Each structure stands twice: as C-alpha cells, then as structure tokens.
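Worksheet for the structure shown next.
All chains are named by letter (A, B, ...) in the order of the sequence lines, taking the proteins before the strands, and each is independently numbered beginning at 1. Values below: all heavy atoms of this structure, side chains included; hydrogens, waters and symmetry mates excluded. Nothing here was measured: the structure is a model prediction, and the numbers come from that model.
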Amino acid sequence: MTEFRSDFLRLLQTRGQLHQVTDEAALDAALLENRITGYIGFDCTGPSLHVGSLVQIMTLRRLQQTGHKPIVVMGGGTTKIGDPSGKDEMRQVLSAEVIESNKQKILGTFARFLSFGDGPSDAIMVDNADWLDQLSYIPFLRDIGRHFSVNRMLTMDSVKLRLDRDAPLSFLEFNYMILQAYDFVELYRRFGCRLQCGGSDQWGNIVAGIDLARRVADAELFGVTSPLITTSSGTKMGKTAAGAVWLNPELRSPYDYWQFWRNTDDGDVGRFLRLFTDLPEPEIQRLEKLQGAELNDAKKILATEATALCHGRAAAEEAFETARRTFEEGVLAEGLPSFEVESSRLKAGIPVATLAHLAGLVRSSSDARRSIQGGGLRLNDVAVSDVRAMATLGDLKDGVIKLSLGKKNHILIKPI
RNA sequence: GGGGGAGUGUCCCGAGCGGCAAAGGGGGCGGACUGUAAAUCCGCUGGCGCAGCCUUCGUAGGUUCGAGUCCUACCUCCCCCA
C-alpha cells in the first residue's frame, strides 16, 4: 500500500475511507505544499441526508481537520436531473419547491460536522443551481458538450449498468455526468477548488470533471473516492426496511440514532469506530479487541461518539443514559420517545392495538393485532394477550403507560 | 412509423388453467436461544374499534354469477426493423 506523506491521505487511509485516488503522488505533494480546497456534492432528493452519506461528510470533516478547506455543494441544480449512478430505476423528477425545501432542511446537519465561516480553512456551502440554472443550451453544448464522447460515456458504469440490465435511462439522466463534470470546473474557477471526493460510484463522474478541467481550463484537478460501506452481513449501510437512518433529528431522534449504532454487528465495530468517530487509533485498537459480551462496551462508545458528532454531546449522553436505564436497569426512563393522548379518550378506554398504532409503534392497528397474537406487544412490560384488550386510565403507572414492541422499541403514552 | 415483449401484494425479486387477499424467495418485524450482536429454529409481513366489512395485480372501460387471469382503448418501459 502506498505510503502517503500528507496528513489528509494518511488519515483517510488509516480510517479505512480511502478507495481510489486519481494521481496519488501529485495529490499527496499538493496537499503537503498548499492548503487544498476540496468538495463533495450532495443531492437534495430528500428532507434529510442519511447514514449512507456519512462517510462523505466525514471525509470533508477530515479534510478540515488536516488544515484544508471543504466545500459542501448542495445539488440544487443537479437534483433536477437525477444521478443515474447505482440506481436501477429512473429518478423521479422533483419540483423546484421540493428541492429547495429539502435543501433548507439538510443545511443544519453540516453545521454539526464542519465549522463554517470566512477563515482560510472554514467550510463554505454553495448550491450548484447558482450556475447550472443559468446555462443556455446551445452555448453549453458548444463549449462543454463537445468535449464529451458519447462512445466513452456509454462505457461508464453508471450508464452501462442500466443498459446491460435493460433498465430505462432517460436523456435527462444521461446528462448528469456532464453537469457534475462542469460543476468541478466551475468550482475550480470560482474557489480554486482542486479536489473532489465522493463514493466509489462517483469515480466516473469525478474523472469526467478532471478531464474536462484539463481541456477547458488547463487545470490539474484531483479525485478521491471512498469505499462503499456495507455491513458485515452484506447489506448496504443505513438502509433498513423501516426506512433510512436519517441524520436530521426531526426524522430520527437522537435516541433512535444512538440505538442504530448500538446495534452494530460485532464484526463492524472496529471499522465503524474508525469511519464514524474521531477516537484516536490506539483507543480503537483497544476497543475492537474486546471479546464476547465485552464488545458491547465498545458499541456503546461507538453509539455515543457517533451520536455526539451528529446531534451534539449532550443529546448523545442523554440517549446513552436513557438506554442504560431502559435496558440495564429495566426501569422507566423519561428519555424514551413519548406520545400524548387526550385523557378523555383513555378514560373511555382505547384498544391497545389502536393505541400502539396511534403512537407509531406499529404501522397499523392490524399490524398491532398481529404483534399481539405473536406475543410481541407489551403494556407496562406485561405481554398483551388479548387482541381486543383496552387501555384505560387504570393502566397509568407513574403517570404514563409504557408500550413496548419487542425488546427494543418502547414508547411512553402520556395523557394530557 | 412497423413488428414483438413487459408492467403483480405501494421494500425488492417473482409464480399465477376465470373462484385470489393471490405460490415462492429476499428483506423486515416478532418469538425462542443470546450479549440490545451474529448464526439457527418458529411465527407474522393489505386496511378497519376485526367471528364481519372494505380496498389491491400500469390506467379506464367491457364480457361474465364471478376477472390478476378474457376483450377494447390508453399510459409507461424494453427489444428488433425503418
């Protein structure tokens, strides 16, 4: 493996987030000599980023930690196109309003991981709609489009995979690569940005930008990709059937976020500590050596550290404490998610199945009924045996009713 | 423009002679075993205050006692020819 001299590349390497580099020696040298400005683009396809973007966010964080300048590029423009990389289906075309609203909701997450400002290594955030929306078709084709060979584009993985699988690929999406390449050039011109990072699926797009820059701006730009992070059981990180693991606290509470990390597979603990926390290497080596049940201590540290980065230290400690009381002491913990019902409804009595549905513990009341039949639903830690069981004011204990689904999902029902 | 093929349970893949809430996987959830892990075994995986009722197979009509299944039109996608 290459011995890097620059702090940034060395850090990425020890942290396990380095996959490919375009021109290792030249980039390594450039990083040693100067403060480098680097960017990663994020699409605004949803109201929050999820854990799948975390490696990229951490890459920017590490860029900043090693003295360089990160640019967060919000894909306000490119989201209107839709990146075909790694997708089988044609992207839905999102409206401009939705994209803008998504963008606003995503901003806060970055402020947690990066420090923004006017200083030399402070992060900045830009929206590629600022320049992409202004483009005129014919001039763009003549100035930029001429440098792209369709023959070559057809061989790019993002395109080829679609074609090979007989999956639809619209001309709109086909252009994504060109626009992302143009982004890189534009960022170079505006901010002197010379580095683009991204997931391994972005390699083609990144290289396209580097090629374009050489042709139209006579510039030498660099690209770094990180590996696709999978869990040791082989699934893609951060995509559960229950939904993506959101970084935005409104979509996933810090407590649930903490739980996500707490439930990491044994085999992933060391890798995830390196990728998703700032803990020093010797500490990680100590933690990942723990055996059997002791490894749980490492998972708790992973959970707290990862949550602290995303939601702040206080929220992480609180989540930790809530989990400790719930799982280790088996007592009622105030910090559990809660749900409010009018006490008048409770007074009249409400079916437990309906209540579990209202509280969001299950998808539907039918689902709740099934869980009851399967013995998975508990009221105040006692299994509910009758599908038609009612919850009333009499079930209040310490002013709340604790509903649980399985060992891990709890919610406190609070009368108002 | 011409010809051929496809769209199935709102997670995915995928069977489906006119009686279908619809086979089988994967994934997920729950139970047992554990360590809030993995592996394994078992159950569940449309909705409803649920012995009943209501909605699902690209969309809209039609045939029929009865349609995912047959007919017509339309939409979307794929392949071949021009």
Side-chain angles (χ1 to χ4, degrees), chain A residues 50 84 86-93 161-173 230-245 255-273 287-288 290-304 319-330 333 336 341 345-346 348-358 360-378 383-392 403-410:
Chain A
H50 54 78
K87 315 240 170 15
D88 264 353
E89 308 248 331
M90 198 158 61
R91 268 286 182 79
Q92 261 194 314
V93 179
L161 290 175
R162 282 276 190 95
L163 297 180
D164 286 351
R165 301 194 49 163
D166 286 345
L169 176 73
S170 69
F171 183 66
L172 181 74
E173 295 170 291
T230 53
T231 64
S232 59
S233 36
T235 57
K236 205 166 168 181
M237 178 88 195
K239 282 275 190 184
T240 66
V245 178
Y255 170 77
D256 283 329
Y257 190 77
W258 192 94
Q259 283 298 325
F260 167 76
W261 293 103
R262 170 64 246 262
N263 287 307
T264 298
D265 288 2
D266 282 11
D268 293 330
V269 173
R271 205 157 50 98
F272 286 4
L273 280 166
L287 289 171
E288 69 182 342
L290 295 174
Q291 291 298 313
E294 288 194 328
L295 195 55
N296 282 333
D297 293 331
K299 291 185 189 180
K300 289 176 205 166
I301 291 170
L302 167 64
T304 302
F320 172 72
E321 181 59 17
T322 300
R324 194 185 62 78
R325 291 173 63 94
T326 304
F327 287 94
E328 292 172 27
E329 296 183 5
L336 287 175
V341 271
R345 290 190 72 180
L346 261 186
I350 177 167
V352 176
T354 305
L355 188 60
H357 172 41
L358 288 174
L361 199 58
V362 292
R363 247 201 333 267
S364 63
S365 68
S366 297
D367 195 17
R369 285 163 171 267
R370 282 184 225 110
S371 294
I372 291 171
Q373 277 161 357
L377 193 70
R378 296 192 311 288
V384 179
S385 52
D386 183 2
V387 175
R388 285 162 304 186
M390 304 292 277
T392 64
L403 269 187
S404 312
L405 177 72
K407 282 192 277 271
K408 298 180 190 175
N409 308 296
H410 310 279

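Going from the C1' atom of B:G49 to that of B:G28 covers 27 Å, rounded to whole Å. Rounded to whole Å, the separation between the C1' atoms of B:C44 and B:G26 comes to 16 Å. Of the C1' atoms belonging to B:A38 and B:A32, the separation is 16 Å, rounded to the nearest Å. Taking the P atom of each, B:U69 and B:A82 are spaced 36 Å apart, rounded to whole Å. Taking atom P in both B:G52 and B:A21, one finds a spacing of 14 Å when rounded to whole Å. Separation of the P atoms belonging to B:A67 and B:U55 is 13 Å when rounded to the nearest angstrom. Across B:C41 and B:A51, the matching C1' atoms stand 32 Å from one another, rounded to whole Å. Separating the C1' atom of B:U34 from that of B:U40 is a span of 12 Å, rounded to the nearest Å.
A distance of 9.5 Å separates CG of A:Leu361 from CG of A:Asp367, quoted to the nearest 0.5 Å.
Neither OP1 nor OP2 of B:G35 sits under 4.0 Å from any side-chain N or O of A:Asn263. One finds a side-chain N or O of A:Arg370 lying less than 4.0 angstrom from the OP1 or OP2 phosphate oxygen of B:G47. The side chain of A:His357 contributes no N or O atom lying less than 4.0 Å from OP1 or OP2 of B:G49. For the pair A:Lys408 and B:A37, the criterion of a side-chain N or O lying under 4.0 Å from OP1 or OP2 is met. Residue A:Ser371 places none of its side-chain N or O atoms closer than 4.0 Å to OP1 or OP2 of B:G30. Within the 4.0 Å cut-off from OP1 or OP2 of B:C48, at least one side-chain nitrogen or oxygen of A:Ser366 is found.
In this structure, the nucleotide among B:A37, B:U36, B:G49 sitting nearest to the side chain of A:Asp266 is B:A37. For A:Thr354, the listed nucleotide lying nearest its side chain is B:G49; candidates were B:A37, B:C50, B:G49. Taking the side chain of A:Ser364 as heavy atoms from C-beta on, and the options B:U36, B:C48, B:G49, the nearest nucleotide is B:C48. Closest to the side chain of A:Leu405, out of B:G30, B:G47, B:G31, is B:G30. In this structure, the nucleotide among B:G35, B:G30, B:A37 sitting nearest to the side chain of A:Asn296 is B:G35.
Side chains of A:Ser364 and A:His357: no donor on one and acceptor on the other come within 3.5 Å.
Annotation: of the two residues near RNA chain B, A:Arg388 and A:Leu377, the 5′-most nearest-nucleotide partner is A:Leu377. Annotation: of the two residues near RNA chain B, A:Glu328 and A:Gly374, the 5′-most nearest-nucleotide partner is A:Gly374.
Applying the 90° cutoff around 0 to the glycosidic angle, B:C29 is assigned anti.
Under the Watson-Crick or G-U wobble criterion, with both distances below 3.5 Å, B:G1 is paired with B:C81. With a cut-off of 3.5 Å on both Watson-Crick or G-U wobble distances, the partner of B:G43 is given as B:C29. Of all nucleotides present, none satisfies the Watson-Crick or G-U wobble test against B:C17 with each distance under 3.5 Å. With a cut-off of 3.5 Å on both pairing distances, B:U36 has no Watson-Crick or G-U wobble partner at all. Across every strand in view, B:U72 sits in a pair with B:A60 that passes the Watson-Crick or G-U test at under 3.5 angstrom.
The CZ atom of A:Arg369 sits 15 Å away from the C1' atom of B:C44 (whole-angstrom rounding). One can place CZ of A:Arg363 at 15 Å from C1' of B:C48, the figure rounded to the nearest angstrom. For A:Lys407 and B:C29, the NZ to P distance is 12 Å, given to the nearest whole Å. A:Leu295 has its CG atom 19 Å from the P atom of B:U34, to the nearest Å. For the pair A:Lys299 NZ and B:U34 P, the interatomic distance rounds to 17 Å; values are reported in whole Å. With rounding to whole Å, A:Asp367 atom CG is found 17 Å from B:C50 atom P. In this entry the distance linking CE of A:Met390 with C1' of B:C50 reads 13 Å, nearest Å.
Evaluation of atom-type donor-acceptor distances gives no pair under 3.5 Å for the side chain of A:Lys300 against the base of B:U36. Between the side chain of A:Ser365 and the base of B:C50, at least one donor-acceptor pair of N or O atoms lies under 3.5 Å. Evaluation of atom-type donor-acceptor distances gives a pair under 3.5 Å for the side chain of A:Gln259 against the base of B:U36.
No side-chain donor-acceptor contact under 3.5 Å links A:Asp268 to the backbone of A:Thr264. The main-chain N or O of A:Phe320 is never found under 3.5 Å from a side-chain atom of A:Lys300 such that the two would form a donor-acceptor pair. At distances below 3.5 Å, at least one donor-acceptor pair connects side-chain atoms of A:Arg378 with backbone N or O atoms of A:Gly406.
Within 4.0 Å (heavy atoms only), A:Ala323 reaches at least one base atom of the nucleic acid. Nucleic acid contact for A:Thr264: sugar-phosphate only, since backbone atoms but no base atoms lie under 4.0 Å from a heavy atom of the residue.
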Please determine whether side chain to side chain contact (heavy atoms under 4.5 Å, CB included) holds for the pair A:Ile350 and A:Leu358, giving the CA-CA distance in whole Å, both sets of side-chain angles, and the decisive distance to 0.1 Å. CA-CA 11 Å; A:Ile350 177 167; A:Leu358 288 174; 3.8 Å; yes

For side chain to side chain contact (heavy atoms under 4.5 Å, CB included), just list the numbers for A:Leu403 and A:Val352, CA-CA rounded to whole Å, side-chain angles, deciding distance to a tenth of an Å, and then say yes or no. CA-CA 9 Å; A:Leu403 269 187; A:Val352 176; 4.1 Å; yes

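Summarising the local packing, CZ of A:Arg324 is surrounded by more than 12 heavy atoms from other residues, nucleotides or ligands at distances under 6.0 Å.
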